[in-house]
Amino acid sequence: MKANLPDPMIPTPFVVQKVKRETADTYTLDLTRPEGPANFAFAPGQFNMLYAFGAGEVPISISGDPARPETLVHTVRDVGNVTTAICRLKPGDALGVRGPFGVPWPVAQVAGSDVLIIAGGLGLAPLRPALYEVLNHRGEYGSVELIYGARTPKDLLYPKELERWRGRFDLRVHVTVDAAENDWRGNVGVVTKIIGRARFDPPNTAALVCGPGVMMRFTVLELIHHGLKPEQIYLSEERNMKCGIGLCGHCQWGPFFVCKDGPVFRYDRIKDWFERREV
Amino acid sequence: METLAPILAAHPFFKGLDSRYLKLVLECASRETFKPGEFLCRDEGEATKFYVIHHGRVAVEIYRARRGPVTIQSLGAGEVLGWLWFDKPYHWHLDAEALELTRVISLDVACLLNKCNQNHDFGYELMRRYAHYLAVQFRVTKLQLADMYGK
């Protein structure tokens, strides 16, 4: 008997409902099915292959709330032909979606722990669903700290949401930028320096980290310096994902296919490959 | 001076310092408070003080002609400000502005250098801590220079 499962290689059409400019080159798109809101279940940290018709397909992390699966949310940075085409879409335009794919953040598995969510630049987009999920079940976690770094204040994603989060009594938010004009009253300095200010009990902490490679490398060193073990650190890796199901080999990284074995990896499992220049 | 001792002893820069050495530091110490908008130091000013911040927040700024100041670093409780007093011409190369009410213990650097010269063991201990501080600063600066978030 043949199972009636959708073919993972065939995109499902979605319609753009809303486009929001986050920064000079980054946009957030709200998508729904053409027939109206329909649940698109996903786990925090998973990604979709977004197909801009006539331009091509790119892997983009899902950045919405898993508890609100009726709208699919993606934050996209305009960096190439396909992402440019996606960022130019207007409400009512169509976009193909394949997914969700990949290993998610271990949000449920780390219940009972303190949680450090450390994001750099666009890395907040794949971590936002994890934060939503933690906040949706806030009582199940200890201290929760969001540490977010960007290049300048103008490059911060979701500024209004950051303000809302900062107003909560059950979440500590640390925002820092690498440089700022004089009107910025927030912190200036690198993300790694903020880790020392966060409140967490090292043996009972899980760190979820996403950002540029250099930032993740130094963040891992700093977390270990503060007493975390490699198995308490989770990273989201980025590679050239194509098929999304571990068949084509485009995203091979040593013994892993990032699309299928990642993008979220526990650090102790990848540390031999992390920052290895040959792969 | 009595009340400064526990603050200095608890500050990360001096934590664990031998009590004899702490006493020497205290002989150069005084308390200062800066209101928001006041400057702890100005570019080109003589670097006569080494600030041990124990409350508040400070923006370290570089002034750019026609473009105004840019903040390159924020400092807060548990950090120190001032590393130019170790080398000639003993001038600040930046501005440091209090962003909120900031309380510091300011150390007279002439007094401190004098004590380092008189007691080399103390001088070595201070330099050792300073070298660690500088190493951290260099690491952080390299990361900032790497433009991690660029395309």
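Note that the coordinates shown come from a computational prediction; the quantities given were computed from them, not determined experimentally. Residue numbering restarts at 1 for every chain, and letters A, B, ... go by the order of the sequence lines.
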Side chain, backbone, both or neither: which part of [X] has a heavy atom under 4.5 Å from chain A?
X	value
E61(B)	side chain
I72(B)	backbone
R57(B)	side chain
E97(B)	side chain

Tell me if the [atom1] atom of [X] is crowded by more than 12 foreign heavy atoms within 6.0 Å.
X	atom1	result
Y124(B)	OH	no
D18(B)	CG	yes
R199(A)	CZ	no
E22(A)	CD	yes
H132(B)	NE2	no
K115(B)	NZ	yes
R88(A)	CZ	no

Exercise. Closest approach of E181(A) and R64(B), non-hydrogen atoms and distance?
Worked result: OE1-NH2, 2.9 Å
For this session: Identify the two heavy atoms, one from A179(A) and one from V70(B), that lie closest to each other, and give their separation to 0.1 Å.
Result: CB-CG2, 4.4 Å
For this session: Using a 4.5 Å cut-off on heavy atoms from C-beta on, say whether the side chain of D178(A) contacts that of Y149(B).
Result: yes
Exercise. Quick one: does L143(B)'s side chain get under 4.5 Å of F218(A)'s, heavy atoms only?
Worked result: yes
Exercise. Quick one: CZ on R217(A) to CE on M148(B), what's the gap to the nearest 0.5 Å?
Worked result: 11.5 Å
For this session: Output the distance between atom NZ (K193(A)) and atom CD (E79(B)), rounded to the nearest 0.5 Å.
Result: 4.0 Å
Seminar exercise, completed: Comparing A180(A), G186(A), G196(A), G213(A) against chain B, the one with the most heavy-atom pairs below 4.5 Å turns out to be A180(A)
Seminar exercise, completed: Checked P212(A), G211(A), G189(A) vs chain B; the most non-hydrogen pairs under 4.5 Å come from P212(A)
